[in-house]
Colleague: 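Please find one structure pasted underneath; my questions will follow.
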Amino acid sequence: MAKNLLIVESPAKAKTIEKILGSDFQVKSCFGHIRDLEKDDMGIDLQHEFRPTYIVPEEKEKVVRELKKVAKSSDEVWLATDEDREGEAISWHLCEVLGLDPGVTKRIVFHEITRPAIQQAVKNPRILDMNLVNAQQARRILDRIVGFELSPVLWRKMGMKNSLSAGRVQSVAVRLIVEREREIQAFSPQSSFRVGASFSAKDAGDRWVSFRAEGPGRLPDPESAGKFLESCIGAEYTVREVQVKPARKSPAAPFTTSTLQQEASRKLGYSVSRTMVLAQKLYESGRISYMRTDSVNLSETALEDIGQAIRGNFGPEYLESRTFRNRNESAQEAHEAIRPTNMAQSTIEDSDTRRLYELIWKRTIASQMSDAELEKTTARIAISTTREELTATGEVMKFEGFLKAYREDRDEEDGSEENPEGLLPPLAAGQSLRFEEMQATERFTRPAPRYTEASLVKKLEELGIGRPSTYAPTISTIQKRGYVEKRDKEGVQRQFQVLLLREGKITTVSQQEITGAEKSKMFPTDLGMLVTGFLKTHFNRVMDYGFTAKIEEEFDEIANGKKVWNEMIGTFYQPFHESVENTLEHAERVRGERSLGDDPATGKPVVARMGRYGPMVQIGQASQEEKPRFAKLKSTQSIETITLPEALELFRLPRNLGLFEEKEVVINIGRFGPYAQHDKKFYSLGKDLDPYSVALDRVIPLIREKRETRDNKTIKVFSTGNIQILRGPYGPYIKQGTRNYRLPKDKTESAAALTLEECKEIIEKGKASPGKRKRFPRKKPQAREPGSK
DNA sequence: CAGTGAGCGAGCTTCCGCTTGACTT
């Protein structure tokens with residue numbers, strides 16, 4: 001039995017550290033937090049200075065039991081959780097649970113898992129910093145209060161059936177998306193004309209090559225564009241001046257969680273959760289350093305490894321050692337940047353994770369490479385007939401530097417055009433140019449683009465909202481709650497004018513372009529917009545973009561011992577709770593009602609509003625004599641934008657398509673989307689079939705297909721005991737009555753060969769195991785009285 | 001699984017941050 005027990009958060013780290021420390025230490029993992037606030041009464045005693053009640057959640061009991069056992073048989077316990085607020089709190093909870101004295105228990109920290117860092121840490125233990133622990137408790141308690149007081153307000157005031165939620169992070173994330181949408185709705189594009197001209201000149205090899213030059217700024221309308229072109233008719237064009245300037249580009253810092261998510265989204269099209277799942281795999285297999293980090297720092301050992309890889313792959317002239325600093329003030333830097341653990345390996349076998357690994361490898365290596373050196377050439381071109389001039393720019397790469405390994409992508413910028421800076425032929429002052437043609441092209445300003453998952457993470461990080469471990473879960477929460485949706489938007493055609501000057505004549509042509517097409521963007525739903533509006537009206541402090549940053553300052557003061565945590569919470573709670581009470585008492589139920597006009601058939605009013613089951617349109621008012629008619633909005637429609645004709649269209653369902661096998665086929669939209677009903681059975685229409693226009697001959701194959709899979713589902717039916725063996729999406733399983741039972745892993749191959757006796761055996765075992773936890777929610781853990789066992 | 005849409009009220013939901021598997025029909 002080892003003398004010392006050292007506890008870290010991650011099991012993968014535990015393994016590595018155990019190897020480094022040798023036989024004196026047994027290293028165990030606590031898998032993150034081991035206690036949390038009880039859920040009853042928020043786990044907070046509001047009458048007594050917000051005293052928290054912590055419990056060990058059921059899923060953590062096993063870990064805690066194991067740690068207690070090992071701690072008992074060790075001489076000394078060392079706490080080596082991450083060096084940040086949360087890590088300090090985890091160590092304190094460990095003390096509480098394992099019965100350690102926080103005043104003497106050894107607490108060590110390291111920012112990197114390298115031999116020198118760990119050995120150094122073990123030589124310099126400290127004790128727990130209770131100020132830091134209290135800062136974490138304040139953070140935790142404030143989040144619980146905000147979440148558990150705001151959410152019930154929504155349950156009361158939104159009149160929705162589903163379980164709504166609000167919180168310091170998620171509600172602001174939704175607000176960002178809602179406000180971006182409003183900006184886009186309010187945006188009206190302004191058009192202007194940009195002049196461009198093409199010339200040719202001889203290159204070094206005496207061949208004629210074409211190049212482009214840009215006109216002077218933007219011209220407001222077709223008239224002024226036409227005037228400018230007219231003024232150039234018959235002109236001569238001469239190079240007035242050529243300026244050559246060197247320019248440099250520097251590589252980006254190595255990856256943090258947020259920048260990895262952004263680049264994987266831009267370059268590989270991954271969702272943030274996919275990126276994190278793959279990164280976790282790479283981390284667990286020892287390929288990369290820890291993937292939830294806000295630090296851009298690289299360890300000494302890593303720098304050496306990277307330097308060697310640069311010399312080997314590119315040559316010593318490409319090496320330039322750099323240290324990056326975090327721009328983000330809220331960063332807690334408990335870990336290193338995300339980097340490969342072995343730079344000699346530029347790629348890996350595993351096809352799932354290879355692309356992400358290569359991205360990390362390239363970004364890491366580029367971060368320690370030299371600047372790219374460019375030469376920017378600007379030529380001013382005089383027009384003989386006017387005082388205006390044109391400008392041609394070109395860029396030549398003198399030394400590739402880091403660009404040889406990696407180039408960071410950028411999000412689409414608003415309104416900016418891509419600049420086509422290519423090569424220019426050699427030009428000299430006084431040189432006259434051969435004119436080809438000149439155009440004035442109509443261009444429109446563009447609204448800010450909608451957020452992608454990754455650009456939303458970037459924005460949240462800038463605002464200091466959320467942490468590396470929560471970006472992906474937050475993005476999925478706001479989608480799961482139905483506040484926002486990720487989807488594509490088709491573009492629309494738009495006309496634009498081009499004025500062309502060629503061979504002394506000006507012509508105007510009209511051209512078409514597709515604009516506004518978006519892929520995989522975040523759109524707010526009606527629910528998201530209504531909830532955001534409601535929360536902003538009644539809880540503007542918490543919804544403020546600067547709220548988190550402000551309270552973070554206070555948490556820092558608690559950590560520095562300048563503030564007392566429960567006083568800080570008290571100052572926040574008093575006015576906050578007052579608004580909660582006020583809102584519960586006075587605020588109207590949110591219906592988001594918008595009237596669309598009258599139904600031409602009946603003359604009754606048509607309104608769009610939020611119903612118990614989502615956005616809908618309604619014809620007529622409820623009264624004694626009559627029930628109004630209702631219809632659900634399509635997922636792409638919105639209460640705020642739907643028109644009367646669109647609303648009336650929705651009342652065309654249910655549609656009877658006629659007979660198939662002498663039974664009626666009826667189309668409607670239900671809880672799970674559009675479906676066809678035939679002979680008392682339901683058939684989902686799927687995404688490709690439009691319920692408003694689909695014809696009978698498209699539905700019949702669907703019915704046949706579904707029947708077939710239904711028949712294939714059954715593997716075996718026993719005549720006694722109501723037992724069946726069925727095929728499900730997770731493999732074969734046994735069904736008895738309404739309950740399902742998993743097959744043991746070694747039996748899934750030979751499911752068809754199972755006998756009745758074997759099935760009964762599996763069922764008995766299945767009944768004995770707890771199973772079906774979700775259906776029967778566990779009893780709340782009993783709060784333990786002091787003195788009782 | 002494929003209704004519904006008013007309001008009442010039982011009994012439920014809900015937060016953010018740390019960590020990974022076990023499990024799903």
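Proteins get letters first, then strands, A, B, ... in listed order; numbering begins at 1 in each.
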Colleague: Which nucleotide wins on minimum distance to the side chain of A:Ser163, given the candidates B:dT14, B:dG5, B:dT19?
Modeller: B:dT14
Colleague: Would you kindly give the CG-to-C1' distance between A:Asp143 and B:dT14, to the nearest whole Å?
Modeller: 13 Å
Colleague: Find the distance A:Arg629:CZ to B:dG5:C1' and express it as a whole number of Å.
Modeller: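 About 14 Å, once rounded to whole Å.
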Colleague: Classify the side-chain pair A:Thr257/A:Arg467 by whether it contains a donor and acceptor separated by less than 3.5 Å.
Modeller: no
Colleague: Considering residues, nucleotides and ligands other than A:Asp45, do more than 12 of their heavy atoms fall under 6.0 Å from its CG?
Modeller: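 Buried by this count: over 12 neighbours within 6.0 Å.
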Colleague: Between the base of B:dC16 and the side chain of A:Arg139, is one N or O donor paired with an acceptor at under 3.5 angstrom?
Modeller: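 Side chain to base: pair present.
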Colleague: Is the shortest side-chain N/O distance from A:Ser165 to OP1 or OP2 of B:dT13 below 4.0 Å?
Modeller: no
Colleague: Over how many whole Å does the gap from A:Asn668 atom CG to B:dG3 atom C1' extend?
Modeller: 10 Å
Colleague: Of the nucleotides B:dT19, B:dG5, B:dC16, which has the atom closest to the A:Tyr290 side chain?
Modeller: B:dT19
Colleague: Does the structure place the NZ or CZ of A:Arg541 under 6.0 Å from the centre of the six-membered ring of A:Phe576, at an angle of no more than 45° from the ring's axis?
Modeller: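 So A:Arg541 doesn't make the cation-pi contact.
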Colleague: So A:Ala166, base contact, sugar-phosphate only, or nothing? Heavy-atom distance under 4.0 Å.
Modeller: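 Contact class for A:Ala166: sugar-phosphate only.
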Colleague: Is there a donor on the side chain of A:Arg140 or the base of B:dC15 sitting less than 3.5 Å from an acceptor on the other?
Modeller: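 Counting by modelled atom types and ignoring angles, a donor-acceptor contact under 3.5 Å is found here.
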Colleague: Look at the side chain of A:Trp155 and decide which nucleotide, out of B:dC15, B:dT14, B:dT19, has an atom nearest to it.
Modeller: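 Output: B:dT14.
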Colleague: Write down the distance between NZ (A:Lys157) and C1' (B:dG7), rounded to a whole number of angstrom.
Modeller: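 From A:Lys157 NZ to B:dG7 C1': 14 Å.
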Colleague: Under 4.0 Å between a side-chain N/O of A:Arg591 and OP1 or OP2 of B:dG5, yes or no?
Modeller: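 False: A:Arg591 side-chain N/O out of range (4.0 Å or more) of B:dG5 OP1/OP2.
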Colleague: Rounded to whole Å, how long is the line connecting atom NZ of A:Lys62 with atom C1' of B:dA22?
Modeller: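 So the two atoms are 10 Å apart, to the nearest Å.
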Colleague: Closest approach to the side chain of A:Arg144, judged atom by atom: which nucleotide of B:dT20, B:dC18, B:dC15 is it?
Modeller: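 Of B:dT20, B:dC18, B:dC15, B:dC15 is nearest to the side chain of A:Arg144.
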Colleague: Are B:dT14 and A:Phe148 stacked, with the base six-membered ring and the side-chain ring centres under 5.5 Å apart and planes under 30°?
Modeller: yes
Colleague: Do we get A:Arg144 above A:Phe148's six-membered ring, with its NZ or CZ under 6.0 Å from the centre and within 45° of the axis?
Modeller: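 A:Arg144 over A:Phe148 ring: yes.
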Colleague: Rounded to whole angstroms, how far apart are CG on A:Asp294 and C1' on B:dG17?
Modeller: 13 Å
Colleague: Rounded to whole angstrom units, what separation is found between the CD atom of A:Glu59 and the P atom of B:dG17?
Modeller: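 So the CD-P distance, A:Glu59 to B:dG17, works out to 18 Å.
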Colleague: Can you check the A:Met543 CE to B:dC15 P distance for me, whole Å?
Modeller: 14 Å
Colleague: Mind checking A:Ser151 for me? I need base, sugar-phosphate or nothing, with any heavy atom below 4.0 Å counting as a touch.
Modeller: base
